[in-house]
A.B. asks: 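Here it is: the structure, laid out below.
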Amino acid sequence: MLREFPHYSFNRYLDLYILHGFTSATYLLYLPFIIILGYILLNVSLVRDFLQINAFTPTHSQKQAITLRRHSSPAATIIKETIAPPAPPKSVAEAVPAAESESFTTFSINTPITVNSPASADKYIKFIDGKATTGEAFLRIDDCYFFETVEEKYFVEHPKGRFQVSKPLSVLELELDPIHFFRIHRSCIINMNHLNSYTYWEKGKYLVYVKGTNQARELVMPRTRLDAFKKSLSENRSLPSKQL
């Protein structure tokens, strides 16, 4: 077109590239390019998913630190909880199907909320400073719903509102009691005492519902964290509890 400009005929363009463009010759001409492009995009997507999954997996040093914290916590006394019918599953393992299906599988946690655990060690923090537009607040850790990272800033959801905190999640994960707090995602730590439910979503991901300031928050957890999550949930629900 540029080579023949300004004497290029629009009728010639319409006849050559539009009307006679949908032919087997044209299809075979562009097919290799489409296949190569699709193959490149598919591999880019797979590499990106692989890097994201590896980012969610704790490093060897982080696993050792978390294991040491869990073993250093005093043993919890297991008690039998009385729950109004309908009774929940006997264990968390029975609540989540062994094989994931395409349909949604939801497990609601109806056990009482643990508000004060006498087994918490003194080495874990009990309060944290938070900043909001209304000023600063001294927040009780047990009341916090969850901590999250948004655009390289750190926030906590609390009954008093949403506050910004100065400590990154990597530091908070070591300072919070692992019996009550669990890191479901690289950018989110939840308070297991305020967990409502969780359900399988799609592509190896789960939706975790936690109390929020105004309503329950929907958070995403990768499948790689599921086993550790169920173990942490079982330990948390085995503590002596008190209904609110």
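Please read these numbers as outputs of a predicted model, since none were measured by experiment. Numbers here simply count residues along the sequence, with the first being 1.
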A.B. asks: List the atom of Ile190, the atom of Leu219, and the distance in Å for their closest heavy-atom pair.
C.D. replies: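 Here Ile190 and Leu219 meet closest at CG2-CD1, 3.7 Å.
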A.B. asks: Can you tell me how far apart NE2 (His185) and OG1 (Thr224) are? Round to the nearest 0.5 Å.
C.D. replies: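 Answer rounded to 0.5 Å: 9.0 Å.
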A.B. asks: With a 4.5 Å cut-off on side-chain heavy atoms, are Lys126 and Arg140 touching?
C.D. replies: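 The answer is no, as the side chains (C-beta and beyond) never meet within the 4.5 Å cut-off.
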A.B. asks: Test of understanding: clusters of I, L, V, M, F, W, Y form through side-chain heavy atoms closer than 4.5 Å, transitively. Do Leu169 and Val150 belong to the same one?
C.D. replies: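 Different hydrophobic clusters.
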A.B. asks: Please say yes or no: joined through hydrophobic side-chain contacts below 4.5 Å, possibly via intermediate residues, are Ile125 and Phe181 part of one cluster?
C.D. replies: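 Same cluster: Ile125 reaches Phe181 through Ile, Leu, Val, Met, Phe, Trp or Tyr contacts under 4.5 Å.
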A.B. asks: Looking just at side-chain N and O atoms, do Asp142 and Asn193 make a donor-acceptor pair shorter than 3.5 Å?
C.D. replies: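 Asp142 vs Asn193: no donor-acceptor pair found between side chains.
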A.B. asks: If only atom types and distance count, is the side chain of Asn236 paired as donor or acceptor with the main-chain N or O of Ile179 below 3.5 Å?
C.D. replies: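 Yes: the side chain of Asn236 pairs with the backbone of Ile179.
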A.B. asks: Between Asn191 (side chain) and Cys144 (backbone), is there a donor-acceptor pair under 3.5 Å?
C.D. replies: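 It does hold such a pair.
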A.B. asks: Within the distance-only criterion (no hydrogens, no angle test), does the side chain of Arg237 pair as donor or acceptor with the backbone N or O of Met192 below 3.5 angstrom?
C.D. replies: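 Yes: the side chain of Arg237 pairs with the backbone of Met192.
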A.B. asks: So, Tyr198 versus Phe229, ring centres under 6.0 angstrom or not?
C.D. replies: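 Under 6.0 Å, so yes.
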A.B. asks: Please identify each residue that fulfils ring-ring contact (aromatic ring centres under 6.0 Å, His included) with Phe138, with sequence neighbours left out.
C.D. replies: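 With neighbours one apart ignored, the set is Phe127.
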A.B. asks: Do the non-hydrogen side-chain atoms of Leu176 and Phe147 ever get within less than 4.5 Å of each other?
C.D. replies: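 Side-chain contact under 4.5 Å: yes.
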A.B. asks: Going from CG on Asp177 to NZ on Lys123, what distance comes out if it is rounded to the nearest 0.5 angstrom?
C.D. replies: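 Output value for this atom pair is 9.0 Å.
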A.B. asks: Can any side-chain N or O of Asn43 pair as donor or acceptor with the backbone N or O of Tyr39 at less than 3.5 Å?
C.D. replies: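 The answer is yes, because a donor-acceptor pair under 3.5 Å joins these two groups.
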A.B. asks: Could you report the tightest heavy-atom contact between Ser166 and Tyr154, atom names first, then the distance?
C.D. replies: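 Scanning both residues, the minimum pair turns out to be O-CD1, 4.1 Å.
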A.B. asks: Is there a donor-acceptor pair closer than 3.5 Å between any side-chain N or O of Arg162 and the backbone N or O of Val156?
C.D. replies: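 Side chain of Arg162 to backbone of Val156: no pair is present.
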A.B. asks: Let me see the working for Phe33 and Ile35 under side-chain contact (heavy atoms from CB on, under 4.5 Å), right down to the final yes or no.
C.D. replies: CA-CA 5 Å; Phe33 172 76; Ile35 293 177; over 6 Å; no
A.B. asks: When you look at Val208 and Phe146, which way does the side-chain contact (heavy atoms from CB on, under 4.5 Å) test go after all the steps?
C.D. replies: CA-CA 11 Å; Val208 179; Phe146 61 88; over 6 Å; no
A.B. asks: Supply the atom-to-atom distance His180 NE2 to Ile141 CD1, rounded to the nearest 0.5 angstrom.
C.D. replies: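 Interatomic distance, His180 NE2 to Ile141 CD1, rounded to 0.5 Å: 11.5 Å.
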A.B. asks: So, are Arg217 and Glu148 salt-bridged, with charged N and O less than 4.0 Å apart?
C.D. replies: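 Looking at Arg217 and Glu148, the cut-off is met.
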A.B. asks: Taking the side chain as everything from C-beta on, heavy atoms only, tell me whether Leu207 gets closer than 4.5 Å to Met221.
C.D. replies: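 The answer is no; the side chains never approach within 4.5 Å.
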A.B. asks: State yes or no: do Tyr200 and Leu226 share one hydrophobic cluster built from I, L, V, M, F, W and Y residues joined by side-chain heavy-atom distances below 4.5 Å, directly or via other members?
C.D. replies: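 Result: yes, single cluster for both.
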A.B. asks: Taking all non-hydrogen atoms of both residues into account, name the closest pair between Ser232 and Pro178 and its distance.
C.D. replies: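 Between these two residues, the closest heavy atoms are OG-O, 3.8 Å.
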A.B. asks: Any chance you could measure Glu157, atom CD, to Phe163, atom CZ, to the nearest 0.5 Å?
C.D. replies: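 The CD atom of Glu157 sits 10.0 Å away from the CZ atom of Phe163.
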A.B. asks: Going from CG on Leu233 to OG on Ser238, what distance comes out if it is rounded to the nearest 0.5 angstrom?
C.D. replies: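 It is 9.5 Å, given to the nearest 0.5 Å.
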A.B. asks: Closest approach of Arg183 and Arg225, non-hydrogen atoms and distance?
C.D. replies: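 That closest heavy-atom pairing would be O-NH2, 2.9 Å.
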A.B. asks: Determine the minimum heavy-atom distance between Val165 and Asp129, stating which atoms define it.
C.D. replies: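 For Val165 and Asp129, the tightest heavy-atom pair comes out as CG1-O, 3.5 Å.
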A.B. asks: Working to the nearest 0.5 angstrom, can you tell me the gap between Tyr124 OH and Glu175 CD?
C.D. replies: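 Going from the OH atom of Tyr124 to the CD atom of Glu175 covers 11.0 Å.
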